[in-house]
Amino acid sequence: MTHVISLRWKKKGKDIVGERVKIDRSTRWGNPFVSRFHMRYAFGVIHVDDPVAAYKAWLNGTAFKKLEQKRRDEILEKVGELKGKVLIS
């Protein structure tokens, strides 16, 4: 079973055993979209109203089609590697 643990709650995740994979914005798995309202001056990210919806649309190929196509293809190709891992966000 795959588990997701926030780095802010490390103590809770210590009981979960398994190979851990970091999935935050600094990795290939990270969401390149941020909310316009929370990070107005962040660099290297795209500001949108709903970052989660934008990330899903980007991965599904229904929006932002020309944005980082190589990265998107790599994520879709390797997403199976996350199955059964402990995901650290």
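The figures that follow rest on heavy atoms only: side chains count, while hydrogens, waters and symmetry mates do not.
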[X]: what forms a side chain to side chain contact (heavy atoms under 4.5 Å, CB included) with it, not counting sequence neighbours?
{"X": "Asp73", "answer": "none"}
{"X": "Val21", "answer": "Ile23, Trp29, Leu82, Lys85, Leu87"}
{"X": "Ala57", "answer": "Thr62, Ala63"}
{"X": "Gln69", "answer": "Lys66"}

Review point. Is any side-chain heavy atom of Arg25 less than 4.5 Å from a side-chain heavy atom of Pro32?
Key: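 Arg25 does not reach Pro32 side chain to side chain.
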Check your understanding: Under 30°, 30 to 60°, or over 60°: which ring-plane class applies to Phe33 and Trp58, parallel, tilted or perpendicular?
Key ->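 Phe33 and Trp58: perpendicular rings.
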**Study point:** Separation of Arg71 CZ from Leu76 CG (nearest 0.5 Å)
**Key:**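 If I round to the nearest 0.5 Å, the distance is 11.0 Å.
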Exercise for review: Calculate, to the nearest 0.5 Å, the distance between atoms NZ and OG1 belonging to Lys22 and Thr27 respectively.
Suggested key: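 The OG1 atom of Thr27 is 7.5 Å from NZ of Lys22, to the nearest 0.5 Å.
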Point to revise | Co-membership, hydrophobic cluster, residues Val52 and Phe64, 4.5 Å side-chain | key: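 Shared cluster, no.
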**Study point:** Cluster overlap Leu67 with Val79, hydrophobic side-chain contacts below 4.5 Å
**Key:**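 Same cluster.
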Exercise for review: Provide the closest heavy-atom pair for Arg72 versus Asn60 in the form atom of the first, atom of the second, distance.
Suggested key: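 The pair with the smallest heavy-atom distance is NH2-C, 3.6 Å.
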Exercise for review: Mind listing the closest non-hydrogen atom pair of Ser26 and Asp24 along with its distance?
Suggested key: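 Minimum heavy-atom contact is OG-OD1, 2.6 Å.
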Check your understanding: salt bridge (charged side-chain N to carboxylate O under 4.0 Å, His left out) with Glu74: which residues, sequence neighbours excluded?
Key ->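 Arg28.
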Check your understanding: Hey, does the side chain of Asn31 reach the backbone of Pro51 with a donor-acceptor pair shorter than 3.5 angstrom?
Key ->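 A pair under 3.5 Å: yes.
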